Amino acid sequence: MAWTLVSKPQTALTEWIKQYARALGFDLVGVAPAQSPPHADSFLLWLAHGYAGTMDYLERTAHLRINPAELLPDARSAVVVGLNYTPAELPETDYRIARYALGDDYHTVIREKLETLLGTIQSIEPSAHGRVCVDSAPVLERDLAMLAGLGWYGKNTCLINTRRGSYFFIGVLLLTLELEYDSPAQGGCGTCRLCLDACPTGALVEPYQLDARKCISYLTIELRDAIPQPYREPIGEWLFGCDICQEVCPFNRPRDYQPLRARPTHEPRLQPRPLPQLTEILQMSESEFAERFRGSAVKRAKWRGLVRNALIVAGNKHDPTLRPLVERFLHHEDALLREAAAWALEKLTPATEVKQHNQ
Ligand code: SF4
């Protein structure tokens with residue numbers, strides 16, 4: 001496709017931007033007015049409930065999240081893009097990891113593409129200003145994505161596209177340009193409540209309400225302290241993040257809803273990286289962790305968090321061959337790891353052995 005660098009009227013410019021975004025590899029693209037998100041009040045109420053747990057940064061940046069103009073003065077339009085992230089095949093591992101974290105860090109992938117888009121727009125419209133937002137520049141991306149027609153809210157709080165499911169990243173490019181806006185997406189869950197019933201920790205406290213403090217994604221990625229006891233067994237084999245509420249969703253399941261289904265990503269940088277086995281993680285030094293997960297979203301958990309999670313997963317696997325590796329942490333200098341190891345060891349110790357020990 002030839003990209004003509006001449007100033008364009010509004011409709012043509014909007015269409016041109018969308019086509020260019022698709023050529024950059026985005027699966028979904030729409031345009032919304034850069035306005036205060038319609039669910040701003042719900043977001044503030046969610047924070048007031050304490051559902052964000054220890055994610056203080058959400059509170060600190062709330063004013064930015066609900067007001068795009070604070071991020072880009074004179075913002076008029078939000079070009080909202082979606083990038084599929086689920087792989088065609090899940091890699092074989094002896095634990096689970098959220099699909100979004102299998103490839104390279106999406107922040108880098110989406111940011112680079114949106115910066116290319118912004119640079120090209122500015123070569124056509126030199127007066128245009130823009131700002132790329134991928135989590136780090138906090139906009140309520142999902143609200144803008146809904147307004148731009150990319151999807152509607154599911155009861156699992158994910159944005160769902162009727163034809164694509166919910167396995168896609170959202171990125172936003174705020175622009176000072178007036179563009180043509182899409183209509184908000186229509187759709188809904190109907191009477192389905194599969195995700196609410198499937199969540200092992202009960203984090204979906206009611207439809208459209210996620211208590212992050214109970215969510216496996218929060219517990220394994222954001223929480224820096226010990227994982228509360230009641231959630232350790234329900235975490236099962238999830239080492240980093242969780243996809244349960246998305247995996248059970250009919251809009252992500254090809255068999256039920258052909259051709260309404262999540263499609264595998266075409267983005268080379270989002271293809272699954274080679275992953276270490278659980279035993280390797282339990283033996284990994286901090287520097288090996290930094291090397292292994294460089295450029296991956298997994299690094300957000302940090303070495304300490306990932307090893308803590310690996311100990312919980314080890315306990316839940318009930319595999320006695322893991323005991324020697326777990327025992328090594330019983331005398332670790334970090335109390336968090338000592339305590340997680342003691343918990344795991346109890347799970348790995350056959351009841352008969354515990355009984356003999358207590359006699
Ligand atoms: S699993 Fe059912 S209730 Fe949950 S988000 Fe999907 S369609 Fe909605």
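Every value quoted in this text rests on a predicted model; they were computed, and no experiment measured them. Start at 1 and go down the list; that is how both ligands and their atoms are numbered. These values consider heavy atoms only, across backbone and side chains, with no hydrogens, waters or symmetry-generated copies.
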Q: I need the Leu175 CG to Leu13 CG distance, nearest 0.5 Å.
A: 8.5 Å
Q: Would you call the rings of Phe240 and Tyr100 parallel, tilted or perpendicular, taking 30° and 60° as the class edges?
A: tilted
Q: Is any protein N, O or S atom closer than 2.8 Å to atom 8 (Fe) of ligand 1, and if so, which?
A: Cys189 SG
Q: Go through the steps for Asn161 and Tyr167 under the test side chain to side chain donor-acceptor pair (under 3.5 Å), then give the verdict.
A: CA-CA 9 Å; Asn161 180 289; Tyr167 294 129; over 6 Å; no
Q: Could you grab the distance from atom CE of Met146 to atom NE2 of His39, nearest 0.5 Å is fine?
A: 5.5 Å
Q: Pair Leu275, Tyr95 - check side chain to side chain contact (heavy atoms under 4.5 Å, CB included), show working.
A: CA-CA 10 Å; Leu275 284 167; Tyr95 51 81; 3.6 Å; yes
Q: Taking the side chain as every heavy atom from C-beta outward, state whether Arg292 and Ile281 have any pair of such atoms under 4.5 Å apart.
A: no
